[in-house]
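Okay, so here's the structure we're looking at.
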Amino acid sequence: MSWASPEDIYTSTSLASYLDKKLLVLLRDGRKLLGILRSFDQFANAVLESACERAIVGDLYCDIPLGLYIIRGENVVLIGELDVDKEELPPHMTRVSEAEIRRAQKAERDSTDLKGSMRKRMEFLDMD
């Protein structure tokens with residue numbers, strides 16, 4: 001049995017290749033975090049520096065600053081490197097304040113809840 005050498009860590013599919021790079025991290029609850037990967041461990045727990053949460057509702061978005069942020073590895077769905085030379089969002093997206101995006105998120109949640117409750121009320125009409 002051969003053991004991996006320290007050099008092999010940087011050529012594998014490890015998070016080490018993302019150290020000190022700007023990343024997008026998608027979490028299980030649907031949140032999207034952006035930040036610079038500063039550290040990680042064997043459980044994929046990660047530390048992001050200058051982190052922010054990107055909230056998107058329709059064509060509106062807001063980057064909510066979080067600062068230094070620790071992410072538990074079991075909550076990570078996807079990690080990807082961002083190209084710092086490219087525009088991050090399409091031109092039709094509009095940046096709004098944190099208060100405005102929170103109102104838009106609440107309206108979207110309320111709309112989804114209303115659709116669900118209306119669907120439940122109408123189930124008796126299903127004649128299958």
Side-chain angles (χ1 to χ4, degrees):
M1 175 189 296
S2 66
W3 295 95
S5 68
E7 295 81 30
D8 293 337
I9 292 174
Y10 294 102
T11 59
S12 70
T13 56
S14 169
L15 288 174
S17 61
Y18 293 125
L19 278 173
D20 301 324
K21 294 183 179 170
K22 189 169 184 181
L23 303 180
L24 169 71
V25 181
L26 180 63
L27 301 180
R28 267 195 320 188
D29 63 3
R31 288 185 295 157
K32 294 163 270 317
L33 304 179
L34 299 130
I36 300 167
L37 181 66
R38 291 299 181 200
S39 184
F40 67 93
D41 65 10
Q42 70 270 26
F43 304 108
N45 297 322
V47 177
L48 293 182
E49 182 181 55
S50 304
C52 65
E53 178 184 350
R54 175 154 294 163
I56 300 173
V57 178
D59 287 344
L60 305 176
Y61 81 96
C62 178
D63 288 338
I64 303 164
L66 303 171
L68 192 65
Y69 204 76
I70 299 173
I71 303 168
R72 189 172 171 98
E74 67 183 22
N75 293 319
V76 174
V77 173
L78 176 114
I79 295 178
E81 184 178 357
L82 292 175
D83 189 350
V84 292
D85 296 331
K86 287 190 174 182
E87 186 66 32
E88 292 181 17
L89 290 167
H92 71 274
M93 299 292 289
T94 306
R95 185 182 196 114
V96 296
S97 70
E98 186 176 343
E100 289 177 72
I101 204 73
R102 294 288 184 215
R103 281 193 296 273
Q105 286 174 325
K106 183 176 182 337
E108 185 178 59
R109 247 187 337 268
D110 292 346
S111 170
T112 303
D113 292 345
L114 180 62
K115 284 179 189 174
S117 66
M118 291 302 291
R119 190 169 287 134
K120 285 181 183 176
R121 290 179 188 166
M122 301 303 281
E123 281 179 353
F124 73 92
L125 295 175
D126 190 14
M127 302 294 184
D128 289 340

Gap separating the [atom1] atom of [X] from the [atom2] atom of [Y], nearest 0.5 angstrom:
X	Y	atom1	atom2	value
D63	R95	CG	CZ	4.5 Å
E108	I101	CD	CD1	9.0 Å
I64	E53	CD1	CD	5.0 Å
K21	L15	NZ	CG	12.0 Å
L48	F40	CG	CZ	12.5 Å
H92	D59	NE2	CG	4.5 Å

Under the 3.5 angstrom rule, does the side chain of N45 hit a backbone N or O of G73 as a donor-acceptor pair?
-> yes
Any side-chain donor near an acceptor of the partner, S97 and E100, under 3.5 Å | yes
Hydrophobic clustering (ILVMFWY, side-chain heavy atoms < 4.5 Å, transitive) - are [Y] and [X] grouped together?
X	Y	result
L33	I36	no
V76	L66	yes
V96	V57	yes

Would you name the heavy atoms of [X] and [Y] that are closest together and state the gap between them?
X	Y	answer
K32	L26	CG-CD1, 3.8 Å
I56	M93	CG2-CE, 3.6 Å
L19	R38	CD2-O, 3.5 Å
A46	L37	CB-CD1, 3.8 Å

Kindly determine whether N75 and R28 satisfy side-chain hydrogen bond (donor to acceptor under 3.5 Å, both in side chains), including the steps that lead there.
-> CA-CA 5 Å; N75 293 319; R28 267 195 320 188; 3.2 Å; yes
Looking at side-chain heavy atoms only, is the closest gap between [X] and [Y] below 4.5 Å?
X	Y	value
L23	L34	no
L24	E81	no
L27	I71	yes

Heavy-atom neighbours of I70 CD1 exceed 12 at 6.0 Å = no
Would you say R31 has more than 12 foreign heavy atoms packed within less than 6.0 Å of its CZ?
-> yes
